[in-house]
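Let me begin by presenting the structure, written as structure tokens, before commenting on it.
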Amino acid sequence: MRRLYIDFDGVVMDTIPSLYSALEKSGVDTSNQREIGIFFSTFDFRTIINDDFILNDSINCINKLIESNRFEISFLTHVNSLDEGCVKVNYLRSKFKCITIIMVPKEISKTKVVHSEDAILVDDYSGNLTEWEDNGGIAIRFSKDLESHGFKVLNKLDELLNMFDEEGNLKC
Ligand SMILES: [Mg+2]
């Protein structure tokens, strides 16, 4: 089975548009990284991590991936605060009993926390995918509008079943 790491924000859950619109409305000076950091670390993620924000049927798609038995699945998500991490773990654990959940501090590369070599990362952020490829991993971009940015791209997680064969090898 091939290891498969699934990002959370912008892949499982459509948190990004609401988060950035809340940032805009807050009056925070968006040229000030410190202020932005404080906003993110004090934001109540419960308001955007719930069933209303499920992205392109992600939960059902992940269940299909589990049933296929082709992947050893983990969630791999950046967090701004421990509170955000708790909200994510509680939500994901309410949906999936057995999937490992790995929280990565925002300041650290995902490749520093898990072994990327020969593993798949599905992520919406090209920066993460570039680092992943540079460290021997297989990078797949998630994009609602199928914007590839030079990567293989999908907008529904069960498309992985078409992209990879029974052994978890990339088809083309
Ligand atoms: Mg993301």
Side-chain angles (χ1 to χ4, degrees), residues 3-24 28 30 33 36-37 39-63 65 71-96 99-116 119-135 137-160 163-164:
R3 283 175 297 128
L4 166 62
Y5 294 99
I6 301 175
D7 176 36
F8 185 82
D9 299 281
V11 175
V12 174
M13 196 130 298
D14 203 9
T15 51
I16 308 288
S18 303
L19 187 58
Y20 281 85
S21 99
L23 175 66
E24 252 173 52
V28 163
T30 50
Q33 285 305 319
I36 294 175
F39 173 82
F40 284 148
S41 60
T42 53
F43 184 78
D44 183 3
F45 278 83
R46 283 164 203 81
T47 59
I48 56 169
I49 296 178
N50 57 63
D51 287 350
D52 294 341
F53 291 86
I54 291 173
L55 185 43
N56 291 0
D57 204 28
S58 60
I59 303 299
N60 289 326
C61 288
I62 292 165
N63 278 319
L65 296 176
F71 306 103
E72 189 186 322
I73 306 171
S74 306
F75 293 107
L76 185 61
T77 178
H78 272 130
V79 295
N80 299 278
S81 68
L82 288 177
D83 185 59
E84 176 188 343
C86 291
V87 175
K88 286 178 172 173
V89 169
N90 286 333
Y91 181 82
L92 288 170
R93 196 52 78 218
S94 75
K95 302 290 181 190
F96 305 105
I99 299 184
T100 298
I101 305 163
I102 303 161
M103 296 187 282
V104 183
K106 192 80 178 176
E107 297 77 10
I108 295 177
S109 167
K110 292 183 177 183
T111 62
K112 299 279 185 235
V113 175
V114 298
H115 295 291
S116 46
I120 305 163
L121 173 67
V122 180
D123 204 298
D124 61 318
Y125 177 53
S126 298
N128 290 337
L129 295 170
T130 300
E131 287 174 346
W132 196 260
E133 276 191 345
D134 288 348
N135 286 277
I138 302 162
I140 308 287
R141 184 158 198 267
F142 190 101
S143 162
K144 281 195 270 187
D145 306 319
L146 291 174
E147 289 168 8
S148 72
H149 291 199
F151 298 97
K152 287 198 177 297
V153 65
L154 47 74
N155 60 6
K156 218 165 161 278
L157 284 171
D158 60 355
E159 285 164 26
L160 287 167
M163 237 177 226
F164 290 85

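We're numbering straight along the sequence, starting at 1. Indexing begins at 1, ligand by ligand and atom by atom, following the structure's order. All heavy atoms count here, side chains included; hydrogens, waters and symmetry mates do not.
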Problem - Minimum-distance N/O/S atom that Asp124 presents toward the Mg ion (ligand 1) - result: OD1

Practice task
Would you please name every residue forming a salt bridge (Lys or Arg N to Asp or Glu O under 4.0 Å) with Arg46, sequence neighbours left out?
Solution key: Asp44, Asp83

Practice task
Return the name of the atom in Asp7, of element N, O or S, nearest to the Mg ion (ligand 1).
Solution key: OD2

Fill in the blank from the handout: Here the gap from Tyr125 atom OH to Glu131 atom CD, rounded to the nearest 0.5 Å, amounts to 7.5 Å

Practice task
Would you confirm whether the ring centroid of Tyr91 sits within less than 6.0 angstrom of the ring centroid of Phe75?
Solution key: no

Fill in the blank from the handout: To the Mg ion (ligand 1), the closest N, O or S atom belonging to Asp9 is O

Practice task
Using side-chain hydrogen bond (donor to acceptor under 3.5 Å, both in side chains) as the criterion, list what pairs up with Asp7, not counting sequence neighbours.
Solution key: Lys110

